[in-house]
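Just below is one structure, and these are the notes that go with it.
This one's a predicted model, so the numbers in the text were calculated from it and none came from an experiment. In this chain, numbering begins with 1 at the start of the sequence shown.
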Amino acid sequence: MKTTIDGLLDARSVSKEDTVYFLAKDEVNHFPMTAGDFFKIEPAEKWRGDSWPENLFQRKMEEKKGDPVYQELLRMTEEIKARIHRIKIEDPKGYGHMAQIRSLRFVKHSIENALKELELNYQSEVQREMAKIYGIWGRKLLVYKNTVCLGSFEDLESQIPRLREVRIKWIREIPLLLKNVDDICSAVDQNIPIGLVGGPCLFGLYEVEIVIQHKDGERFSYDFSSGHHYDRIGQKTYEFADHVEQYYRKIQGIHFVNWKKGVTSQEFESLEVLFDVGAVLGAKVAVVIPDISYLKYLSTVITPLDNAVKLQAMEEFRLEAHRIADLYLTKIEELKQQYPDVTVRVLHDRDKEACEIFHARREAFFRKSGLIHRLTARRAKTDAVFDYISMLALPYYFWETPQVIQIDNLDETDSFRKCRKVHKGAFSLSAVLYPEKLSENGEQTIFNAPLKYKDYM
């Protein structure tokens with residue numbers, strides 16, 4: 001479903017003036033997104049930790065309380081408390097000073113009421129100021145899959161001023177889906193170590209073709225990314241795995257055609273944003289190149305085949321997967337030169353040490369054998385889904401960072417939610433997710449578009 005923030009509001013008969021988006025930039029509200037119909041309207045206050053600048057509100061309240069009148073009343077209150085305390089030490093039962101104590105308590109109560117009245121006035125002032133600037137109070141927002149709030153980079157900057165140093169422009173021109181922003185604020189304010197995680201999929205639709213050859217010479221072609229026949233990619237059937245399961249006795253070989261010509265602009269940006277935000281926040285960056293997951297998935301699907309056919313297929317695909325991974329590794333090395341102060345670690349099939357850490361550290365979180373089967377009902381995809389859930393915890397696995405921020409595309413919303421559930425209590429996981437850009441044909445995302453619209457760099 002292709003839509004925009006304005007379109008989502010119109011479809012729900014909600015006036016933009018009644019939402020947090022009435023002050024958002026036009027390019028953000030008009031940015032075309034492809035997402036299922038998983039949005040709902042919620043009061044902004046309900047999601048205050050993600051959409052409402054609570055930390056900024058508290059800071060402004062503290063600034064207001066710095067007023068000399070408020071501080072003098074505080075001082076007087078503390079002085080009266082101290083006098084009452086001294087009197088009680090001298091006269092524990094207070095018989096000789098009852099009238100004085102009552103008088104002091106009356107004054108103290110009057111001052112405390114004055115302080116409460118001032119605080120209410122300060123709250124109203126701050127609310128009016130912030131409503132004028134951010135348009136949050138009493139307004140609504142869009143929530144995606146009951147997990148992440150639709151906002152913008154401007155929302156992040158308002159709560160984390162340091163992010164104004166981010167250099168890339170595209171992230172300021174698109175909507176963002178946010179979760180646990182208040183945890184990011186706390187980590188930045190308290191200098192808590194932060195880890196970022198994200199990165200591209202290995203390849204998109206139309207980029208790697210699976211060719212199944214039967215013993216009678218018949219051949220069948222499938223798209224690796226979707227699993228569908230090339231002439232029926234839009235259908236929902238999961239045909240590659242079904243074909244192997246049904247005809248495994250007839251299969252003589254499985255081969256792969258790599259059509260991927262380079263790194264797309266979307267894939268490069270998924271790497272660039274990690275480095276740029278990492279440099280600004282002083283965060284360590286874990287980049288995922290999921291060739292290990294694709295290899296696991298293929299290995300599971302072709303389990304019924306003869307050993308010789310399996311070995312040939314795995315080795316042929318491993319070669320192509322490594323060639324594609326090298327495209328990303330080259331770009332990562334270029335980004336390391338641009339951001340020399342950012343600590344980066346890349347998870348991919350040929351970094352055996354990183355893979356060992358990944359598999360060993362996650363084991364404790366998935367020890368119960370039934371857990372992963374509840375996360376996905378499709379047995380052929382279990383290992384790959386297992387990876388995608390636990391890969392989001394890589395900064396914690398690598399460096400034990402207590403605050404992890406996933407910066408990724410909105411398709412990873414479900415993985416984010418499941419990763420938080422599996423790793424609950426180990427670290428704080430926040431999300432900054434973005435919609436994928438449309439390809440040159442204006443209909444599909446770059447990931448889903450045919451080769452001629454892929455926008456290779």
Side-chain angles (χ1 to χ4, degrees), residues 1-16 18-42 44 47 50-51 135 139-157 166 168-179 181 198-201 204-206 225-226 233-234 236 264-274 277 405-417 430-450 453-455:
M1 180 183 78
K2 187 170 69 171
T3 187
T4 63
I5 290 178
D6 284 348
L8 289 167
L9 297 178
D10 289 343
R12 289 155 178 78
S13 301
V14 176
S15 170
K16 186 161 61 179
D18 294 330
T19 71
V20 301
Y21 310 108
F22 85 112
L23 286 178
K25 297 176 181 177
D26 285 344
E27 57 261 42
V28 173
N29 286 333
H30 299 163
F31 186 87
M33 301 181 289
T34 58
D37 191 17
F38 300 112
F39 289 96
K40 66 177 182 179
I41 289 285
E42 292 273 19
W47 296 82
D50 304 310
S51 63
R139 298 185 183 276
K140 296 182 174 68
L141 53 74
L142 288 157
V143 179
Y144 183 66
K145 291 190 173 182
N146 201 36
T147 301
V148 286
C149 300
L150 195 56
S152 68
F153 196 76
E154 193 172 14
D155 296 334
L156 286 176
E157 288 178 316
V166 168
I168 53 177
K169 295 181 179 178
W170 61 265
I171 199 168
R172 292 181 167 85
E173 300 168 352
I174 64 175
L176 295 178
L177 295 109
L178 309 172
K179 183 67 178 177
V181 175
C201 291
L205 267 66
Y206 302 101
S225 186
S226 68
I233 284 180
K236 298 297 183 183
T264 68
S265 59
Q266 182 80 54
E267 290 163 344
F268 176 74
E269 289 175 353
S270 74
L271 297 171
E272 178 189 38
V273 68
L274 293 170
V277 175
I405 307 172
Q406 181 192 7
I407 305 181
D408 218 326
N409 73 72
L410 63 81
D411 290 335
E412 300 302 324
T413 300
D414 290 334
S415 297
F416 168 81
R417 176 174 49 80
S430 300
V432 178
L433 308 180
Y434 48 81
E436 292 194 70
K437 293 181 179 178
L438 294 184
S439 66
E440 292 178 6
N441 67 7
E443 294 299 321
Q444 300 126 320
T445 63
I446 295 173
F447 178 90
N448 291 296
Y453 300 123
K454 284 293 185 187
D455 191 22

>> side chain to side chain contact (heavy atoms under 4.5 Å, CB included), that's the test. Do V148 and L410 meet it? Break it down for me.
In response: CA-CA 9 Å; V148 286; L410 63 81; over 6 Å; no
>> If you apply the rule side chain to side chain contact (heavy atoms under 4.5 Å, CB included), what do you find for I168 with V273, and how did you get there?
In response: CA-CA 7 Å; I168 53 177; V273 68; 3.7 Å; yes
>> Evaluate F447 against S439 for side chain to side chain contact (heavy atoms under 4.5 Å, CB included), listing each step before the verdict.
In response: CA-CA 8 Å; F447 178 90; S439 66; over 6 Å; no
>> side chain to side chain contact (heavy atoms under 4.5 Å, CB included) for T413 and K179? Distances and angles first, verdict last.
In response: CA-CA 10 Å; T413 300; K179 183 67 178 177; over 6 Å; no
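Here the shortest heavy-atom pairing between E173 and F31 reads O-CD1, 3.8 Å. Nearest heavy-atom pair across Q444 and P450 is OE1-CD, 3.7 Å. Taking each heavy atom of P200 and L271 in turn, the nearest pair found is CD-CD2, 3.7 Å. When all heavy atoms of L438 and P32 are compared, the pair lying nearest together is CD1-CB, 3.7 Å. Across G204 and K454, no two heavy atoms sit closer than the pair C-NZ, 4.2 Å. Contact detail for P435 and P175: the closest heavy-atom pair is CD-O, 3.1 Å.
Inter-residue side-chain proximity for N146 and K40 is flagged as met; some heavy-atom pair is nearer than 4.5 Å. Looking at heavy atoms from C-beta onward, Q406 lies out of side-chain contact with V432 at the 4.5 angstrom threshold. Two residues are said to be in side-chain contact when any heavy atoms from C-beta on lie closer than 4.5 Å; Y434 and I407 meet this criterion. T445 places none of its side-chain heavy atoms less than 4.5 Å from the side chain of Y453. For the pair L176 and D155, the minimum side-chain heavy-atom distance is 4.5 Å or more. I41 places a side-chain heavy atom less than 4.5 Å from the side chain of L9. Here the side chains of V166 and F153 are in contact, with some heavy-atom distance below 4.5 Å.
The line from CE of M33 to CG of L8 is 5.0 Å long, rounded to the nearest 0.5 Å. Note that the CG atom of N448 and the OG atom of S226 stand 9.0 Å from one another [nearest 0.5 Å]. For the atom pair T147 OG1 and L178 CG, the distance stands at 13.0 Å (nearest 0.5 Å). Of the inter-residue distances, the one linking S152 atom OG with I171 atom CD1 reads 10.5 Å to the nearest 0.5 angstrom.
Between Y144 and F38, the ring-plane angle classifies as perpendicular under the 30° and 60° cut-offs.
If you run side chain to side chain contact (heavy atoms under 4.5 Å, CB included) between V28 and each of L150, T4, I5, I174, only I5 comes through. Among K2, R12, K145, the one residue that satisfies the salt bridge (Lys or Arg N to Asp or Glu O under 4.0 Å) test with D37 is R12.
Inspection of the D455 and S265 side chains reveals an N or O donor paired with an N or O acceptor under 3.5 Å. Counting only N and O atoms by type, the side chains of S270 and E267 include no donor and acceptor under 3.5 Å apart.
We find that R172 and E27 are not joined by a salt bridge, their nearest charged nitrogen and carboxylate oxygen being 4.0 Å or further apart.
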